[in-house]
Amino acid sequence: MMDPHDQHYDRILETCLEEVLGGQSPPDVADRVVQAHRAVASVSGNGSDSGISEPVPVVARSVTDESPASAAPSAAVAPRPAPDPLSIQATGHSRRWTSRRSTWIGVAAAASVLIVGTLLGALALHFSQSPSAQSPRGGTASTDGAGTKKKAKGDRGETTPPQVAGEKGQHSGGTGSPPAPGTTQEHSPDGGSFDNPSPFGPREVVGNSSDPPIAPEPVDPLPEAELVAFIDANVAQYWTDYRATPAAVAPDSQWCRRVYLRIVGRIPTVEELERFVRDNRSDKKRRLVDELLSGDEYVEEFARNWTSILTNALIGRVGGTQADELASREGLQQYLRRSLYENKPYDQVAFELIAAEGAGRPGAADYNGATNFLLSGMSDKATLATSRTARVFLGQQIQCTQCHDHPENNWKQSRFWELNAFFRQMHAERDPRSGEVRLVDRDVVGDGGDADEAEIYYEQLNGKMLVAYPALAGTPAVGRSGLVSQVDRREELARRIVAHDDFARAAVNRVWAHFFGYGFTRPVDDMGPHNPPSHPELLDLLADQFRAHEFDVKGLIRWIALSRSFGLSSDVPAGALVDNPTSGDALPLFSYYYTRPMQPEEVFASLELVAATYDARGDFAEQQREKTQWLGQFMRNLGTDEGEESSTFQGTINQSLMMMNGPLMRRATSVEHANLLSRVAASRISPEEKVEHLFLAALARKPNRAELALASRLVASAPRGSPAAPLEDVWWALLNSNEFILDH
Amino acid sequence: MAERSKDRSAGQATDSAGESTGFDASHVDPGQLVRQYQAGVWRYLRTLGCEAALAEDLTQETFLAVLQRPFQQYSDAATAAYLRKVAHNQFVSLQRKSGREISVEDIDTFNNAWAHWITDGNGQQLIEALRECVQQLGDRARVALDMRFAERQSRAEIAAAVGLSEHGAKNLMQRAKAQLRKCIDGKIR
C-alpha cells in the first residue's frame, strides 16, 4: 500500500518539475505588497505616508491572464478616481484583487473606527499603567534594571547547545560551582525571590545569550467591564477582517441553559430557567453568573463540575480509577474539590500539584491528594510526567521531542530531557505494611554517578549520547546538584512554571475552549511558534489579566461568560462559511455559538437532575465514584506512553444503548420513581402544560405548535390502566433527542 | 510599558500613546519579509493545487493579511510555517467562497513532507537539487518528464515519442520520479 506521505512528496516533486522543466518561477510581489500595505495603513491613518486617505489601490499582477472586462477598475469600488500616488500603473487587474478592493477599504475603515474607539481605548489604559505599580499579589513590581526587554510572547529561546555525554562543560548558569548547601541557584545576586512578580528580570537565564528571559511583566488589573469590552471589540474586529456576520443574540432561555452547562455542568431546572427568563433587570446575566460561581446554592455543584474538568485535564478520564494504579482519582478529586471550595488561586494549585509529596490515597497518615497528578504519570524515566506537565501547565506538546527535534518549530530534543531532569529526584515508594504509595524526593547521582552534577543522558536518533541538566527554556538556571537538600528540583520547576509566561496563556486558552468548544489554538494544548493563536492580542491580554487578578479562575470565567460571543445564538448566520472551524484546521471566529455535544459528565449530571437521584445518594466521594463508574463504560486507556485515552461517548452504539435503556435513563423516565416526571404526571396541570414543562426541562424551550399538538394528542390518549405511559414516552423521546444532548 | 507592547507583538500593536501603528517597520521590513519568503509561499500554494496565477494572487493576500495583524518573528522556520498556515487558510477560504468542495486532507502530513524537503524556507535548495537530479536521469525518462511537465502532452503522446505503450510510459515516469525523490533525499539530507 502506498505510504500516505508518498503522494505528498509526489505532489511537491511534480510542482517543482513544472518549475524546473516548464520554466515557471516564483513571482516577485514584494513591491506590490508593500505598496498595498502602505496604502491600507494610510487609509486607516496609521501608515508612514500620513495624510493620504484615498481608497486602497488595486494591486495587480504584472502578468495577467484576466479578460479585459475584468481588468477595468470598478467604479463602485473606486468612487474617487483622483490621482493616487500609491497606486501602481498596471496593464491589467486580477479579478480577485479587484474584488478585494472594497474589502481593504472596509478593513481600513473598520480598523480606524475600532482603534479610535473601544479597542485601543482599553489598550491605552491597559498599557499606560505604571510599570512600578504595586503587584496585586503583594510584591513590588520590579523593573528590569539592566534594561532588558521582554521578548515577544511565545518566543521561547532554546536552551544552551547540548553537551555530548562525558564532556561536562561549564555550568549553564555560568558559575561552574554547585550552590552552597541549603541554597539553590535561584538566589541570584540581586536577591530577588519568586514572590516578586517579575522574578526573572536581571538574572542569568537558561538559553542563548541573545534570548531575553521569559517572565511576564506585571500589569495592573483592569475592571471587569473593560475586560469584557476588550473581548467584544477584539472578536468583532476579526469578524470585520474576515467579513463574518455575527449571529443574533441568543434567547434568554438558550443562554441560560448553556451558562448552567458551562459553569455548574448541568442543564437548569424549569424553575431556574423561568426565574431567569422572567427577571427584567438589565444586569440579570451578570447576576446569574455570580450566583452560579459563588452563590451558596451552587457552591457544591461548581466545585463538582470544575473538579471533573480539572481532573480530566490533569490525568484524563481513566487515570487513577484502577485498584492497581499508583494514583488515586478519589484523592486527586478531593484535593481539587477542597481547593475550589477555598477558591485557591490557580498558580497555587499548580505549584502544589507539581511539588507535592506524601501519600495519594485519602486516609493515609501523610495524605496529600495533590501527589496523584504525578503519581499518575510515574514511569521508568518520568517521561509521561514530563510531557503531561508541559502540556497541562504550559500548553506545549513536547512529547515528540523525547526522540527528536520538534518537526515544526525550533524546539530541540534537549528541551524534553532538560525538563525531564526536574523529575529525576521523584520516586514512588510503597509502604510494605500498609501498602500505601507515597511520592517522595530522594537524592540522585544522575547517569554520570556524581551527585554534584547529577546529569542525565539521552540519545539522539543518530545514536549520539548527550547530557541534560534541569532547565526550563527562558528561565533562570538551576543548580545541578542531585541532593534534595541543595536543589529540590520539583519545587524549582513549580516556581518556574507558575511564573512562566505560557502558564497563564495555557490556562486562559483552556478555559476559553471550555466555553466555546474551541480555544485560540487547535488543539488547545499545543501552543507554540508553529501554531499561532487565532486571536493573539486577546489571548495575551486575558493571560496578563488572569495573572494580574491573582489567577482567579472565577474571575476569568466571569469575563468569558459575559462576553458578547458567548451570548450569541447557535443558529448559524447566513454567509457564515468563513467561520467554520469544523472544516479542516480553520481557526474559529466565534461569530456564533458552536453547537457541540455535552461532555459525558454533563450528560450524567443532567440525567441525575431529572432522575432526581442526586440528592438521594451519599457523600461527595460516593457520588464521584458512581459517576466514575458510569463514565467508565465509555472510556478506555490506550496504554500509550502519552497516556492517551479513547472514548465511545461519540454517538456510538454503546452511548445510544445507554441513553435508550441505561439504568439512569430508566430511572429518569419511569413514573415509578420519585423524579421530575412523576411530579409532572401527578400534578393537576393540563396535558398541554405537562408537555410544555417537559420540553422546558429537557430543552429549555417550549414546544412549537406541531410538537405540542402531537404530544398532547398522545398524552390525552393514555390507556386507562397506565395514564402516565404516553407522558413517559414523550419524556423518553425528549431525553433521547439530539437537542437534549447538545450544548447549543 | 510602551516598549513592552511593541516587544510582545514583535513589530506592531501599540505605541506609547496606545495607538495602533500597524506593522512596525523598525522591527521587520515588510519588503524584506516578502522578498525572503515569497518564493516559499508561492511554491507551497502551488503544491496545494493552485495554478501559477492564483498562487501569485494568494501569495500577495497572504502577506497583506499577515501585515495587517500582530506578527511575531521567532525564527525563519517559524515565520515560514506561519506564512504557510496563513496561505493555506487563504486557499481554503477562497475555495469556500467560490462554493467549491473542499477536500479535507491531512494537511499535517503534507506539512511534514514539506518540512522534510524544504529546509531553507523557500524551496530554492530543492529546486537546485532537482535540477541536478534531472540531469542524472536517462534520456528517455528525461524526455518523458519534459513532455509531461513542460509541454503538457498526453500520456499517449509521450508513449508514442518514447516508443512505449501508455502503461509503459506511465511506469517510466513513475520510476523516474522515484529516482528523483531518492536523489533529492540524498542531496538535501
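Here the structure is a predicted model, which means the values were calculated and not measured. Each chain gets a letter, A, B and so on, in the order the sequences are listed, and its residues count up from 1.
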Under 4.5 Å between any side-chain heavy atoms of [X] and [Y], yes or no?
| X | Y | result |
| --- | --- | --- |
| Phe110(B) | Ile12(A) | yes |
| Glu14(A) | Lys177(B) | yes |
| Gln38(B) | Pro26(A) | no |
| Arg148(B) | Leu21(A) | no |
| Phe63(B) | His37(A) | no |
| Pro27(A) | Thr59(B) | no |

Side chain from CB out, backbone as N, CA, C, O: work out which of these in [X] comes under 4.5 Å of a heavy atom of chain A, or both, or neither.
| X | answer |
| --- | --- |
| Val134(B) | side chain |
| Leu180(B) | side chain |
| Leu145(B) | both |
| Arg152(B) | side chain |

Q | Among Arg35(B), Glu61(B), Gln60(B), side chain to side chain contact (heavy atoms under 4.5 Å, CB included) partner for Val29(A) | A | Gln60(B)
Q) Step by step, would you call Glu19(A) with Arg46(B) a side-chain contact (heavy atoms from CB on, under 4.5 Å)? A) CA-CA 10 Å; Glu19(A) 194 174 329; Arg46(B) 292 277 291 115; over 6 Å; no
Q) Which residue out of Asp146(B), Val34(B), Asn122(B), Thr47(B) racks up the most heavy-atom pairs below 4.5 Å with chain A? A) Thr47(B)
(Q) Out of Leu17(A), Val34(A), Asn531(A), return the one with the most heavy atom pairs under 4.5 angstrom to chain B. (A)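 Highest number of heavy-atom pairs under 4.5 Å: Leu17(A).
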**Q.** Nearest non-hydrogen partners of Pro532(A) and Tyr82(B), listed with the distance
**A.** CG-CD1, 3.1 Å
(Q) Between Trp117(B) and Leu13(A), does the side-chain contact (heavy atoms from CB on, under 4.5 Å) criterion hold? Intermediate values first, please. (A) CA-CA 10 Å; Trp117(B) 262 3; Leu13(A) 177 64; 4.1 Å; yes
